[in-house]
A.B. asks: 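This is the structure, below, for whatever I ask next.
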Amino acid sequence: MSVDPKFYLALSFALFSIGAVGLLVRRNVLVMFMCVELMLNAANLAFVTFARKLNDVGGQSMVFFVLVVAAAEVVVGLGIVVAIFRRRRGATADDFHLMKG
Amino acid sequence: MTAAVLAHLVPLVAGASAVDATTFAVAALTVLVGAAGVIFARNPVHAALMLVMTLFGVAVLFVEQQANFLAAVQVIVYAGAIVVLFLFVIMFLGVDKQDDLEHDPLRGQRPLAYVLVGLVLAAMVVLGVTTHWDTGARSVAGVARDSAHPQSDVAVLGKSVFTTYLFPFEITAALLVIAVVGAVVLARRSAAEAQGDDRDDAEMGEDPDGPGTTGSGGPEDGMPAYDGDVQEVTS
């Protein structure tokens with residue numbers, strides 16, 4: 001039997017926090033996307049941990065769906081980034097003054 | 001203090017074999033170092049490679065918890081497809097330049113980010129310590145490991161996905177088709193737009209000093225190059 005689920009949950013919390021810090025701190029849209037992936041992975045780790053702890057396959061099924069949704073999200077998100085880059089050189093999250101109508 | 005923490009931790013680790021404990025420690029270190037690398041790397045390419053490191057660590061932790069199929073999917077889909085897509089877009093757009101991590105356009109945002117995330121982390125730890133997760137109730141999904149009828153995790157997961165979660169599975173199929181169509185629509189250039197870009201390129205070749213002033217403002221020209229004072233957005 002592997003180590004206690006508490007350790008896995010603690011690691012999941014830490015990974016989620018690092019991803020959240022990166023999302024708030026970084027400016028590059030691509031790196032912000034990667035931080036979202038980190039947070040999704042933290043959630044996946046917690047799902048698998050609970051699936052083991054509670055002996056319930058529902059957690060693993062949920063990870064399966066999260067993977068599919070993450071793939072779709074990345075495809076559309078990167079498509080949007082490419083579209084923004086085509087209109088203007090550079091995509092940092094600071095350029096929100098362009099949104100002022 | 002340290003002794004008290006150790007006294008609390010040792011019984012938790014003692015239930016696991018030395019191999020399991022070592023594997024967990026190495027994988028956890030890999031995950032955390034990779035995650036820190038993602039948010040502190042100045043070069044987006046390095047960030048993507050550190051993300052691969054984190055994803056591999058998470059895959060190892062999946063194997064440690066008898067989720068072998070999910071570990072394989074994690075490596076194939078995340079490391080094999082998603083990160084390659086990230087790298088492709090980074091190289092395609094040519095944004096693999098250094099990122100400014102010190103300059104703070106919104107004053108005080110970064111310290112505030114650390115404080116807020118620290119609060120969230122504290123809340124999660126408090127919840128994790130004080131909540132009793134195991135209520136004894138069984139979900140509709142079925143058990144992961146039945147000692148009377150041992151099955152591989154692929155069989156159990158497949159049965160769950162194709163019976164209990166059949167409708168969500170169909171919905172994800174539709175979602176993937178929609179995502180593919182959306183990506184094609186977003187990435188595709190209309191004929192007029194492509195023509196405008198070509199003319200921009202030609203003008204930029206003649207007049208490298210003023211690439212931002214050559215657009216005539218028509219909707220097919222796209223945005224002029226960013227010079228810090230873009231006032232009108234025509235399309």
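The structure presented is a predicted model; accordingly, all values stated were derived computationally and were not measured.
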A.B. asks: Relative to chain B, which of Leu38(A), Ile80(A), Asn44(A), Val82(A) shows the most heavy atom pairs under 4.5 Å?
C.D. replies: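 Winner by heavy-atom pair count: Leu38(A).
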A.B. asks: Let me know if Tyr165(B) has heavy atoms under 4.5 Å from chain A in its side chain, its backbone, both or neither.
C.D. replies: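 For Tyr165(B), backbone and side chain are both near chain A.
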A.B. asks: When heavy-atom pairs shorter than 4.5 Å are enumerated against chain B, which of Ile18(A), Asp56(A), Leu11(A) gives the highest number?
C.D. replies: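 Heavy-atom pair counts peak at Asp56(A).
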A.B. asks: Quick one: what part of Ala20(A) sits under 4.5 Å from any heavy atom of chain B, side chain, backbone, both or neither?
C.D. replies: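 Both backbone and side chain.
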A.B. asks: Please flag which part of Phe16(A) lies under 4.5 Å from any non-hydrogen atom of chain B: side chain, backbone, both or neither.
C.D. replies: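 Side chain only.
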A.B. asks: Measure up the Phe169(B) and Phe64(A) rings against each other and bin them: parallel (under 30°), tilted (30 to 60°), perpendicular (over 60°).
C.D. replies: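 Ring orientation, 0 to 90° scale: parallel.
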A.B. asks: Is Ala70(A) close to chain B through its backbone or its side chain, or both, or neither, when contacts mean heavy atoms under 4.5 Å?
C.D. replies: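 Both parts, backbone and side chain.
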A.B. asks: Who wins among Gly22(A), Ser61(A), Ala42(A) for the most heavy-atom pairs under 4.5 Å with chain B?
C.D. replies: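 Winner by heavy-atom pair count: Ser61(A).
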A.B. asks: Pick whichever of Val77(B), Asp153(B), Val156(B), Leu112(B) has the most heavy-atom pairs under 4.5 Å with chain A.
C.D. replies: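 Heavy-atom pair counts peak at Val156(B).
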A.B. asks: Between chain A and each of Met124(B), Lys159(B), Gln65(B), count heavy-atom pairs under 4.5 Å; write down the option with the most.
C.D. replies: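 The candidate making the most pairs under 4.5 Å is Gln65(B).
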A.B. asks: If I measure from the heavy atoms of chain A, does Leu51(B) come under 4.5 Å with its side chain, its backbone, both, or neither?
C.D. replies: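 Side chain only.
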A.B. asks: Using a cut-off of under 4.5 Å for heavy-atom pairs, which of Ala36(B), Gly118(B), Ala48(B) has the most such pairs with chain A?
C.D. replies: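 Most pairs with chain A among the choices: Ala48(B).
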A.B. asks: Using every non-hydrogen atom in the two residues, find where Val117(B) and Ser17(A) come nearest and quote the distance to one decimal.
C.D. replies: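 Minimum heavy-atom separation between Val117(B) and Ser17(A): CG1-O, 3.4 Å.
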A.B. asks: Looking at Val25(A), is its backbone amide N or carbonyl O close enough to the side chain of Arg110(B) to form a donor-acceptor pair, meaning the two atoms are under 3.5 Å apart?
C.D. replies: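 Yes; judged by distance alone, with no hydrogens or angles, the pair exists.
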A.B. asks: Let me see the working for Val75(A) and Val180(B) under side-chain contact (heavy atoms from CB on, under 4.5 Å), right down to the final yes or no.
C.D. replies: CA-CA 7 Å; Val75(A) 166; Val180(B) 168; 5.7 Å; no
A.B. asks: Using a cut-off of under 4.5 Å on heavy-atom pairs, state which of Val68(A), Val76(A), Val74(A), Leu78(A) scores highest against chain B.
C.D. replies: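 Of the options given, most contacts go to Leu78(A).
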A.B. asks: In sequence, state the C-alpha distance, the side-chain angles, and the governing distance for Tyr78(B) and Glu37(A), and then conclude on side chain to side chain donor-acceptor pair (under 3.5 Å).
C.D. replies: CA-CA 9 Å; Tyr78(B) 260 118; Glu37(A) 299 304 317; 3.2 Å; yes
A.B. asks: Is there a side-chain contact between Ile171(B) and Phe65(A), using heavy atoms and a 4.5 Å cut-off?
C.D. replies: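 Side chain of Ile171(B) against side chain of Phe65(A), heavy atoms only: no contact under 4.5 Å found.
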A.B. asks: Is Ala27(B) in contact with chain A via its backbone, its side chain, both, or neither, using a 4.5 Å heavy-atom distance?
C.D. replies: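 Neither part.
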A.B. asks: Would you say Leu93(B) and Val81(A) make side-chain contact, with heavy atoms under 4.5 Å?
C.D. replies: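 Of all side-chain heavy-atom pairs linking Val81(A) with Leu93(B), at least one is under 4.5 Å.
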A.B. asks: Can you find a heavy atom in the side chain of Val58(B) that is under 4.5 Å from one in the side chain of Leu15(A)?
C.D. replies: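 The answer is yes; the side chains approach within 4.5 Å.
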A.B. asks: I'd like to know which of Gly158(B), Ala113(B), Gly182(B), Ala81(B) tops the heavy-atom pair count under 4.5 Å against chain A.
C.D. replies: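 Going by pairs under 4.5 Å, I would pick Ala113(B).
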A.B. asks: For Ser12(A), which atoms come within 4.5 Å of any heavy atom of chain B: side chain, backbone, both, or neither?
C.D. replies: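 For Ser12(A), no heavy atom lies under 4.5 Å from chain B.
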A.B. asks: Between Gln74(B) and Asn41(A), is any side-chain donor less than 3.5 angstrom from a side-chain acceptor?
C.D. replies: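 Their side chains do contain a donor-acceptor pair, which is all the 3.5 Å distance test asks for.
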A.B. asks: Using modelled atom types and a 3.5 Å cut-off, is there a donor and acceptor pairing between side-chain atoms of Gln60(A) and backbone atoms of Leu157(B)?
C.D. replies: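 Such a contact is absent between Gln60(A) side chain and Leu157(B) backbone.
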A.B. asks: Look up atom CD1 in Ile82(B) and atom CZ in Phe33(A), then write down how far apart they are to the nearest 0.5 Å.
C.D. replies: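 Separation between the atoms: 10.5 Å.
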A.B. asks: Check whether Ala28(B) gets within reach of chain A through its side chain, its backbone, both or neither, counting any heavy atom under 4.5 Å.
C.D. replies: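 Backbone plus side chain of Ala28(B), per the 4.5 Å heavy-atom cut-off to chain A.
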A.B. asks: Using only atom types and a distance under 3.5 Å, with no angle test, would you say the side chain of Arg26(A) pairs donor to acceptor with the backbone of Ile39(B)?
C.D. replies: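 Yes; judged by distance alone, with no hydrogens or angles, the pair exists.
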A.B. asks: If you look at every heavy atom in Ala14(A) and Leu121(B), which pair is closest and at what distance?
C.D. replies: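 Reported closest heavy-atom pair: N-CD1, 4.3 Å.
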